[in-house]
Amino acid sequence: MIILKDLRKTYSLGGEDVHALDGISLTVYDHEFVAIVGASGSGKSTLMNMIGCLDTPDEGSYIIDGEDVFSMSEKQLAILRNRKIGFIFQQFNLLPKMTAWENVELPLIYQGLPAAERKRRVEEALARVGLAGRMHHRPSQLSGGQQQRVAVARALATKPSLLLADEPTGNLDSKSTGDIMALLKELHGQGNTIILITHDDDVARQAQRQVRIMDGRIVADSGDGFTKAAAAGSGSGDVFPETAEDLRQSVDLSDEGRRT
Amino acid sequence: MKLRQSVRMAVSAILSNKMRSFLTMLGIIIGVFSVTLLVSIVQSGTGTITDSMEGLGGNQVTVTITDRSRRLSRSELSVLEESDAIEYVAPYLSGAATAVAGSGSEDTTLYGITPAYEAVKNLDLAYGRYIREYDVQEYLKVCVLGSGIARKLFGDGDAKGQTVRVSGQDFLVAGVLKAQDESMMGSTNDVIFIPLTCAQRLLRQVSVSTFIAAAPEDGDPAEVQTEVESFLRKKYRSEDDYTIINMSNIMDMMKTVMNTLSLMLGGIAAISLLVGGIGIMNIMLVSVTERTKEIGIRKAIGAQRSDITVQFMIESVMISLVGGMIGMALSQVVMMVLNLVQTDIAFSISPSVALIALAFSVGVGLVFGIYPANKAARLRPIDALRYE
């Protein structure tokens with residue numbers, strides 16, 4: 001579970017202050033599939049960098065699985081990114097001189113896993129995204145859709161708490177977009193927590209919950225997954241019923257924080 | 001281990017830019033090549049020269065009397081032989097002479113010696129016998145020939161028992177020496193040895209003007225020098241009346257000179273190694289800039305600062321280490337060629353030079369790799385990812 005509280009970040013552009021984030025509070029529960037929607041310049045990329053532990057805000061706090069992110073050292077942040085977060089980028093961001101296999105293996109190397117375990121995980125992840133037959137191709141030998149699937153496999157291989165997808169379909173044709181979205185939905189169905197950042201309402205609609213941001217503020221939230229899941233009576237809500245009060249409290253607190 | 005993966009990544013990064021890696025390496029190759037070659041040549045030369053000097057008597061002192069007014073006799077010298085520090089005292093006398101045998105005639109150097117001389121100079125007989133004490137005492141006209149003069153006078157046949165006419169006197173050949181390699185200190189090949197007493201008559205010089213005092217096998221030449229000095233001080237008024245040449249002093253001096261020389265040459269060559277190191281740093285900086293995006297990706301998926309530092313450090317150390325090994329192999333090849341071309345000096349790289357050169361090249365890789373590697377590791381992932 002991740003809890004963002006009152007995040008603020010101001011950039012200075014040509015002597016003028018730009019509020020990229022202007023008091024964002026958001027809670028994402030485990031097993032949720034959240035789309036953060038907004039036009040370019042809305043602050044969604046800045047938000048995504050915060051959630052991905054790549055950037056720090058001027059103010060606010062960020063708790064992931066009970067750990068306070070912004071008080072961490074650089075090294076702890078690296079470990080956190082490595083173990084808890086799986087990145088899927090718009091530009092795929094694969095290393096061009098490495099094969100699909102090696103790209104997926106890389107975060108596991110940084111985890112210090114033994115070779116046998118890495119092999120098992122890499123094969124599992126690549127099979128999971130349907131690329132078992134293309135393990136030893138380089139990114140340049142793969143189509144855009146396939147490259148993005150390698151990136152998904154790389155994100156999955158570490159079994160992260162959170163898959164963070166930044167415009168994952170932004171560079172793909174409509175067919176590949178459909179494939180990747182289907183894959184993400186499937187992964188969500190298997191219990192992965194996913195935050196998807198997009199400007200595209202059609203893509204956002206495919207997520208379970210939509211959060212719309214504009215000018216660094218949340219302007220609409222279709223409701224947290226916990227509430228929805230409980231209402232729908234689906235499986236994911238039943239996973240942590242005894243913590244429901246705690247969760248609600250944290251949501252309430254963040255609401256108060258926004259009002260003051 | 002992570003390290004193995006880092007090494008693999010470094011190898012593939014180096015190989016992915018072969019030409020650039022090679023050119024970078026070239027600086028180190030040239031540096032290590034020139035350092036090892038120059039130092040090894042000086043060291044091999046020093047080794048060969050000191051070896052040959054040692055063969056000529058590292059454990060002995062040679063005395064030349066310059067004051068001819070006070071005569072030194074052989075019996076006076078026998079006092080020195082009683083000292084524990086001295087095993088042999090070998091007075092000798094030399095002069096130019098012409099040797100005639102049959103129809104042949106050769107210019108030669110005549111040495112009047114005693115048996116002690118044969119011992120201190122390690123004369124080696126091909127056949128026959130040496131000059132004996134009895135020959136010296138009885139003025140017997142016998143001689144021992146160097147191999148070269150024996151061949152010139154008597155061809156390849158047996159010279160023993162033949163007579164040689166030297167300065168109007170006939171000498172019976174008692175023995176012939178084995179051929180010696182020519183060295184910078186000369187050889188015995190074209191020399192005729194006769195008993196000291198005969199030489200004194202022939203050259204009309206009765207007193208002893210030169211002698212060698214040698215220490216025992218495990219003795220100290222410095223002690224020999226002390227003994228000889230105190231002996232001579234009693235007899236002569238001034239130190240100007242005689243000269244003492246101590247071979248070990250000369251050798252020490254030469255070693256110092258040669259060491260200084262190899263340090264100097266090595267130091268000059270090391271400058272090229274330094275330049276090579278700067279080349280590595282330059283290329284690593286370019287590489288860091290080029291791979292900013294890669295660094296960003298790596299950091300985003302969980303690389304720590306140390307991972308990035310190690311990755312770039314291994315790359316620079318590898319370039320310099322491989323360059324060092326190639327440079328060393330090259331200098332080895334050049335020395336092998338030198339050894340084929342000439343035989344006077346056997347050139348080789350001493351293990352310590354090899355080790356120092358390799359350690360130095362690794363050191364260069366480390367020192368000049370630190371800054372670029374740190375620069376890479378310090379990049380903020382967010383900035384690095386955005387870099388295009």
Side-chain angles (χ1 to χ4, degrees), chain A residues 9 11 20 45-46 48-57 72-99 102-115 118 138-139 151 153-158 160 164 166, chain B residues 1-21 283-284 286-315 318 373-388:
Chain A
K9 178 102 184 172
Y11 293 107
S45 290
T46 310
M48 129 101 194
N49 288 334
M50 304 276 172
I51 297 173
C53 308
L54 294 169
D55 202 358
T56 49
M72 286 184 175
S73 69
E74 196 185 316
K75 183 176 175 171
Q76 286 171 314
L77 282 177
I79 295 171
L80 187 76
R81 282 197 294 271
N82 188 217
R83 293 173 191 266
K84 299 249 181 208
I85 296 168
F87 283 99
I88 303 162
F89 299 96
Q90 179 177 7
Q91 311 287 344
F92 318 139
N93 281 351
L94 300 173
L95 296 183
K97 279 169 185 161
M98 293 186 166
T99 63
E102 288 165 335
N103 267 291
V104 177
E105 191 190 21
L106 200 53
L108 302 176
I109 290 173
Y110 289 132
Q111 276 191 4
L113 288 180
R118 292 203 302 264
R138 293 189 176 202
R154 180 177 66 187
L156 276 179
T158 57
L164 192 54
D166 180 18
Chain B
M1 240 310 270
K2 268 182 177 181
L3 193 67
R4 237 186 67 210
Q5 303 297 326
S6 308
V7 169
R8 241 187 52 203
M9 284 177 201
V11 169
S12 74
I14 290 170
L15 289 182
S16 72
N17 231 326
K18 288 192 191 67
M19 191 62 186
R20 183 201 281 183
S21 303
I283 278 306
M284 292 307 292
V286 172
S287 175
V288 168
T289 309
E290 272 184 358
R291 283 151 70 188
T292 301
K293 179 100 180 174
E294 175 192 327
I295 295 163
I297 295 171
R298 285 176 184 275
K299 284 199 147 188
I301 63 173
Q304 295 170 23
R305 243 186 209 210
S306 58
D307 293 321
I308 304 290
T309 312
V310 166
Q311 189 192 340
F312 279 89
M313 289 292 272
I314 287 181
E315 235 178 278
M318 222 153 188
N374 260 331
K375 197 181 166 198
R378 269 206 311 270
L379 285 171
R380 292 179 62 220
I382 176 84
D383 299 332
L385 264 179
R386 276 201 207 116
Y387 185 88
E388 286 301 331

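Labels below follow one simple rule: chain letters A, B, ... track the order of the sequence lines, proteins then strands, and each chain is numbered from 1.
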Residue B/A377 versus chain A: region with a heavy atom under 4.5 Å: backbone
Report the C-alpha separation of B/M9 and A/L106 in whole Å, then their side-chain angles, then the decisive distance to 0.1 Å, and conclude whether the side chain to side chain contact (heavy atoms under 4.5 Å, CB included) test is met. CA-CA 10 Å; B/M9 284 177 201; A/L106 200 53; 3.3 Å; yes
First locate atom CZ of B/R378, then atom CD of A/E74, and finally report the distance between them rounded to the nearest 0.5 Å. 10.0 Å
Rounded to the nearest 0.5 Å, what separates atom CG in A/N82 from atom CZ in B/R298? 12.5 Å
Which region of A/R83, side chain (C-beta onward) or backbone (N, CA, C, O), has a non-hydrogen atom less than 4.5 Å from a non-hydrogen atom of chain B, or is it both or neither? neither
On a heavy-atom basis, which atom in B/A300 and which in A/F89 lie closest, and how many Å separate them? CB-CZ, 4.0 Å
Atom pair CG (A/L94) and CD1 (B/I301), whose distance is rounded to the nearest 0.5 Å: 9.5 Å
Euclidean distance, A/N93 CG relative to B/L385 CG, rounded to 0.5 Å: 5.5 Å
Out of A/I109, A/T158, A/L80, A/L113, which one racks up the most heavy-atom pairs below 4.5 Å with chain B? A/I109
How long is the span from the NZ atom in A/K97 to the CZ atom in B/R291, to the nearest 0.5 Å? 7.0 Å
Spatial distance of atom CG (A/N49) from atom CZ (B/R380) [nearest 0.5 Å]: 9.5 Å
Check whether B/I297 gets within reach of chain A through its side chain, its backbone, both or neither, counting any heavy atom under 4.5 Å. side chain
